[in-house]
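Below you'll find the structure, written out as structure tokens, and then a few comments.
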Amino acid sequence: MKDQVIFHIDVNSAFLSWTAVHKLKLGDEEDIRNIPSVIGGDEESRRGVVLAKSNMAKSFGIITGESLFVARKKCPGLKVFSSSFKIYNYYSEKMMELIQGYSPMFQQYSIDECFLDVTNDLKTTPMELASEIKNAIYETLGFTVNIGISTNKLLAKMASEFDKPNKVNTLYPEEIETKMWPLPVGELFMVGKSANERFNKMYIKTIGDLAHHDVNILTENFKSYGRMIWQYANGIDDSKVSVEASQIKVISNSTTLEKDIIKQGEANIVLLSLAENVATRLRKANKFAGTVSVIIRSSSFKDYSHQKRLSNKTTSTQEIYEISKALFKETWKREPIRLLGIQLSSLSDEGDRQLSLFEDKKKGTIDKTIDSIREKYGDKAIVRSIFIDKKK
DNA sequence: TCTGGGGTCCTAGGACCC
DNA sequence: TCTGGGGTCCTAGGACCC
């Protein structure tokens, strides 16, 4: 059997690049990719973290996920731009469409990454095809990508991390020893902070160290993760580029509050708005929820959650709200709250539940009516009276 | 003026059943 | 008085990804 040829395509500093392209299109002179800049959340509402960084910002040691407060300390002249998912979704869709023109064997992995199996689409070398795709994206959309090439998804993904931006890199099995094994173990896909620390304590410093470690010892210590990560370190990954869209398993919405909440009544208003959000998305996905969870983050950054399995699966905003309220009441430790969230899980296609005669049917109709009015006239077309009072 | 939001997957431990 | 044991379902929490 011939080897697969897999591409992993990854937008360089996606949110920042897309913002830059958008601003240039609007007539801005400055390209924010060429200055120390980041995309950051809104600090006023306590969402001030780095979501993406320019190369110059990176050279100051700024990392994604850290607070803007710290980022500014590292780079006093740092320019911060706000995020807009509308813009990101637009460029993401355009790019994914373009890439699918090169092969039907396409899998979107995130808003800015995808895999492409081009095994049966090669008229030139893989390197030439990848360069062609990379250049086509730049010429038609105005931003750069990295493309990693190999014989499986894991190696292609690792390859796309090498030597950014605007590069095509290979990581074929015969190159693992020279290109991947010398890297710090923390750079291997799926090795995060916690595993990295544990590996370092075991004197596993590089990906090569991990690859040469006794897999039985790793399995004893790390269970199924141990075997998986050992396989990754050795470049082993059997997963296929999956063409079918994966079924959504969880729908969640959470929000960091502008100010800590200390009253149940205030929490209820937030819960209602979260319930509206998740329930609307649930109905749009044609799913029923079997479990409702409430997540609380205290002002001291402790997270805790509480969930309930429903005997009858639901799509009702009101029902999800009522359950969330009850869960919150049972869970809340009466300390100031920084974040509230609702998560729907155990999703299924059919609500294998008996409608309790009139009530549920009626509620279902109201929800659907509101959904369709909002679909037509916008989210602001129908607003609960409780939210109107709270509007600034 | 520290610390987003939306996901997936895994595990430990308890409840419950036979 | 010395605590079975296996299977399944459920909850809470945590690690990891972008």
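So that the names make sense, note that chain A is the first sequence line, chain B the second, and so on, each numbered from 1.
At the phosphate of dG4(B), neither OP1 nor OP2 sits under 4.0 Å from any side-chain N or O atom of T255(A). Distances shorter than 4.0 Å separate none of the side-chain N or O atoms of S110(A) from OP1 or OP2 on dG7(B). Of the side-chain N and O atoms in R338(A), one or more sit less than 4.0 angstrom from OP1 or OP2 of dG4(B). Taking 4.0 angstrom as the limit, S252(A) places a side-chain polar atom (N or O) nearer than this to OP1 or OP2 of dG7(B). The phosphate of dA12(C) (OP1 or OP2) has a side-chain N or O of H306(A) nearer than 4.0 angstrom.
In this structure, K333(A) satisfies the cation-pi test against Y304(A), with its NZ or CZ atom closer than 6.0 Å to the six-membered ring centre and inside 45 degrees of the ring normal.
Within the nucleic acid shown, L51(A) comes within 4.0 Å of at least one base atom, counting heavy atoms only. Across all strands shown, G192(A) has heavy atoms under 4.0 Å from sugar-phosphate atoms exclusively, and none from any base. Residue-level contact check: V250(A) touches the backbone only, with heavy atoms under 4.0 Å from sugar-phosphate atoms and none from bases. Residue A14(A) is classed as having no contact, given no heavy-atom separation below 4.0 Å to the nucleic acid. Backbone-only contact: S224(A) has heavy atoms under 4.0 Å from sugar-phosphate atoms and none from a base. N253(A) comes within 4.0 angstrom of sugar-phosphate atoms only, judged by non-hydrogen atoms across all strands, and of no base. Contacts of K157(A) with the nucleic acid, taken as non-hydrogen atoms under 4.0 Å apart, involve only primed sugar atoms and P, OP1 or OP2. In this structure, R281(A) reaches the sugar-phosphate backbone alone: every heavy-atom distance under 4.0 Å involves primed, P, OP1 or OP2 atoms, never a base. Within the 4.0 angstrom heavy-atom criterion, only backbone atoms of the sugar-phosphate kind lie near E113(A); the bases stay farther away. Within 4.0 Å of S246(A), counting heavy atoms only, lies no atom of the nucleic acid at all.
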Carefully, step by step, assess D260(A) and R46(A) under the rule salt bridge (Lys or Arg N to Asp or Glu O under 4.0 Å). CA-CA 10 Å; D260(A) 289 350; R46(A) 308 198 294 182; 2.7 Å; yes
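Using a 30° and 60° split on the angle between ring planes, Y91(A) and H22(A) fall in the perpendicular class, above 60°. Under the 30°/60° scheme for interplanar angles, the aromatic rings of Y88(A) and F85(A) are found to stand perpendicular.
Note: CD1 (I251(A)) to P (dG6(B)) measures 12 Å, nearest angstrom. Computed from coordinates, the R46(A) CZ to dT3(B) P distance equals 8 Å when rounded to whole Å. Look at CH2 on W18(A): it is 14 Å from P on dC18(C), rounded to the nearest Å.
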Atom pairs, protein N/O to nucleotides 13-17 of chain B N/O, distance under 3.5 Å:
none

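In the set dT3(B), dC9(B), dA12(C), dA12(C) carries the atom at the smallest distance from any side-chain atom of Q307(A). Proximity note for Y109(A) (side chain, C-beta onward) versus dC18(C), dC10(C), dG4(B): the nearest is dC18(C).
Here the shortest heavy-atom pairing between M96(A) and I111(A) reads CE-O, 3.6 Å.
Side-chain atoms of V145(A) and M95(A), non-hydrogen and from C-beta on, do get closer than 4.5 Å to each other.
Around atom CD of E335(A), more than 12 heavy atoms belonging to other residues, nucleotides or ligands sit under 6.0 Å away.
The same atom, P, is picked in dT1(B) and in dC17(C); the two are 33 Å apart, to the nearest Å.
Pairs of Watson-Crick or G-U wobble type, with distances under 3.5 Å, assemble into runs of 3 or more in DNA chain B at these ranges: B:5-18 with C:5-18.
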